[in-house]
Amino acid sequence: MKIKACLFDLDGVLVDTAVYHFKAWKKLANTLGFDFTEEQNEQLKGISRIESLNKILDWGKQQKTEEEKISLATQKNDWYVAMINQMTPAEVLNGTVDFLSKVKNAGYLIGLGSASKNSAMILDRTNLTHFFDVIVDGNVVSKSKPDPEVFLKGAELLRVLPQEALVFEDAIAGIEAANRAGMKSVGIGHAEILTEATLVVADLSKLSIAHLHQMDEL
Ligand code: B16
Ligand code: MG
C-alpha cells in the first residue's frame with residue numbers, strides 16, 4: 001500500500017529533550033532526598049509525565065498522595081519548561097530539517113505523534129512547526145505508547161488509512177504502538193534495540209525519499 005503520511009515522534013527523533021527531562025527529574029529527586037541516574041532516565045523515554053513520576057517515586061521508595069503527585073509533576077514541569085523555553089533551532093537533530101523539507105516537497109502529509117504536553121513550545125522554539133499538517137500530543141491523547149492511540153488519531157486527522165502511514169520512532173514502546181496501529185515504522189537508533197521496526201537508521205540524515213518508496217512495496 002502506498003505511503004501517504006509520515007508520523008514523527010518528537011523527543012529522540014526530531015530533537016533531544018531527554019537531557020532537559022533528566023536535569024528536571026534529577027532536581028526533583030534530589031529535593032526528595034534521593035538520586036536519579038541517566039540509566040533510569042533512559043527508561044522514561046516516550047513515557048508520560050505522570051507515569052515517569054510514579055516510576056521515580058518507586059525507585060526512591062517514596063509514597064505520595066495523588067494531590068502531592070500533581071504538585072511534584074507541576075514542579076518538575078516548571079523547571080523543564082524554563083529550560084526548553086531557551087532551546088534554539090541549533091538543537092534540532094542531524095538531518096531533520098533537510099528530511100522534513102524533502103518529505104513535504106514530495107507531497108507527503110506530515111503529523112506529530114508525541115507523548116509530550118509541551119510539543120507546541122518545542123516545535124516553536126526550534127522552528128519546526130511549519131512542517132506539520134497535524135499535531136497529536138499528550139494534550140489530546142489519553143493512552144500512552146505502546147497503546148496505538150496517538151498514531152491512529154494522527155492517521156484519522158490526516159484522513160489516511162493506518163497502512164498508508166509511516167511512523168518514525170526512537171522508543172521501543174513507540175515502535176510497538178506503530179505495529180499495534182497496523183503501520184510500518186522507521187526506528188531511529190540501534191537495530192539490536194528496535195528489533196520490531198520495519199527499518200532502522202541512526203538518524204534522519206540517513207534517509208531519502210527512495211526509502212519511502214521502498215516502504216510502498218512491503
Ligand atoms: P511532557 P516523545 C516524551 O516525548 C518524552 O520522551 C518523555 O520522556 C516525556 O516524559 C513525555 O514526552 C512527556 O513529556 O512532560 O513534556 O508532557 O518521545 O513522545 O516525543
Ligand atoms: Mg521519543
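Just so you know, these numbers use all the heavy atoms, side chains as well, and skip hydrogens, waters and symmetry mates. Keep in mind that this is a model prediction, so the values were computed, not measured. Order of listing sets the numbers, starting from 1, for every ligand and every atom in it.
Metal site remark for the Mg ion (ligand 2): Asp170 contributes an N, O or S atom at a distance under 2.8 Å.
Looking at Asp11, its N, O or S atom nearest to the Mg ion (ligand 2) turns out to be O. With respect to the Mg ion (ligand 2), Asp9 has OD2 as its nearest N, O or S atom.
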Please walk me through it: do His21 and Lys76 pass side-chain hydrogen bond (donor to acceptor under 3.5 Å, both in side chains)? CA-CA 8 Å; His21 282 296; Lys76 179 267 175 178; 2.9 Å; yes
Check step by step if side-chain hydrogen bond (donor to acceptor under 3.5 Å, both in side chains) holds for Asp137 and Asn118. CA-CA 8 Å; Asp137 68 7; Asn118 295 300; over 6 Å; no
Could you walk me through whether Glu51 and Ser48 pass the side-chain hydrogen bond (donor to acceptor under 3.5 Å, both in side chains) check? CA-CA 5 Å; Glu51 285 170 297; Ser48 76; 2.8 Å; yes
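For a threshold of 3.5 Å applied to N or O pairs, the pair formed by Lys45 and ligand 1 contains no separation below that value. Checked by distance only, ligand 1 and Gly113 stay at 3.5 Å or farther apart across all their nitrogen or oxygen atoms. Between Asn77 and ligand 1, not a single N/O pair is under 3.5 Å apart. Annotation: Ser116 places an N or O atom under 3.5 Å from an N or O atom of ligand 1; distance criterion only. Considering backbone and side-chain atoms alike, Asp9 places an N or O below 3.5 Å from some N or O of ligand 1.
Linking Ile, Leu, Val, Met, Phe, Trp and Tyr whenever their side-chain heavy atoms come within less than 4.5 Å leaves Leu218 and Met183 in two separate clusters.
Side chains of Leu72 and Leu28 form a contact here, defined as non-hydrogen atoms less than 4.5 Å apart.
At the shortest separation from atom 20 (O) of ligand 1 among protein heavy atoms lies Ser114 OG, 2.8 Å. What sits closest to atom 8 (O) of ligand 1 on the protein, heavy atoms only, is Leu44 O, 3.1 Å. Atom 11 (C) of ligand 1 has as its closest protein heavy atom Ile47 O, 3.2 Å. Protein heavy atom nearest atom 6 (O) of ligand 1, with residue, atom name and distance: Gly46 N, 2.8 Å. Here the heavy atom of the protein found nearest to atom 4 (O) of ligand 1 is Asp11 CB, 3.6 Å. Nearest protein neighbour of atom 17 (O) of ligand 1, counting heavy atoms only, is Lys117 N, 2.7 Å. When only non-hydrogen protein atoms are considered, atom 15 (O) of ligand 1 lies nearest to Arg49 NE, 2.9 Å. Annotation: atom 19 (O) of ligand 1 to nearest protein heavy atom, Ala115 N, 2.7 Å.
Residue-ligand proximity: Gly138 is placed with every non-hydrogen atom at 4.0 Å or more from ligand 1. Every heavy atom of Gly12 sits 4.0 Å or more from the atoms of ligand 1. Between Lys145 and ligand 1 there is a heavy-atom distance shorter than 4.0 Å.
Residue Ser52 has at least one heavy-atom neighbour below 4.0 Å for each of these atoms of ligand 1: 10 (O). Of all the atoms in ligand 1, the ones that sit under 4.0 Å from a non-hydrogen atom of Tyr80 are 16 (O). Annotation for ligand 1: atoms under 4.0 Å from non-hydrogen atoms of Asn118 are 1 (P), 16 (O). For ligand 1, the atoms closer than 4.0 angstrom to any heavy atom of Leu10 are 20 (O).
Of all the heavy atoms in Trp25 and Ser52, the pair that sits closest is CZ2-CB, 3.5 Å.
The six-membered or imidazole ring of Phe22 lies near that of Phe36, with a centre-to-centre distance under 6.0 Å.
Taking the six-membered ring where tryptophan is involved, the planes of Phe168 and Phe8 are essentially parallel, since the angle between them stays under 30° and well short of 60°.
For the residue pair Asn54 and Lys69, a side-chain donor N or O sits within less than 3.5 Å of a side-chain acceptor on the partner. For Gln86 and Tyr20, the side-chain atoms include no donor-acceptor pair closer than 3.5 Å.
If you run side chain to side chain contact (heavy atoms under 4.5 Å, CB included) between Leu10 and each of Thr126, Asp170, Ile122, only Ile122 comes through. Between Phe131 and the options Leu112, Val97, Leu123, a side chain to side chain contact (heavy atoms under 4.5 Å, CB included) holds for only Val97.
The backbone N or O of Lys143 sits less than 3.5 Å from a side-chain atom of Glu149, completing a donor-acceptor pair.
In this structure, Lys23 places its NZ atom where only 12 or fewer heavy-atom neighbours from other residues, nucleotides or ligands lie under 6.0 Å away.
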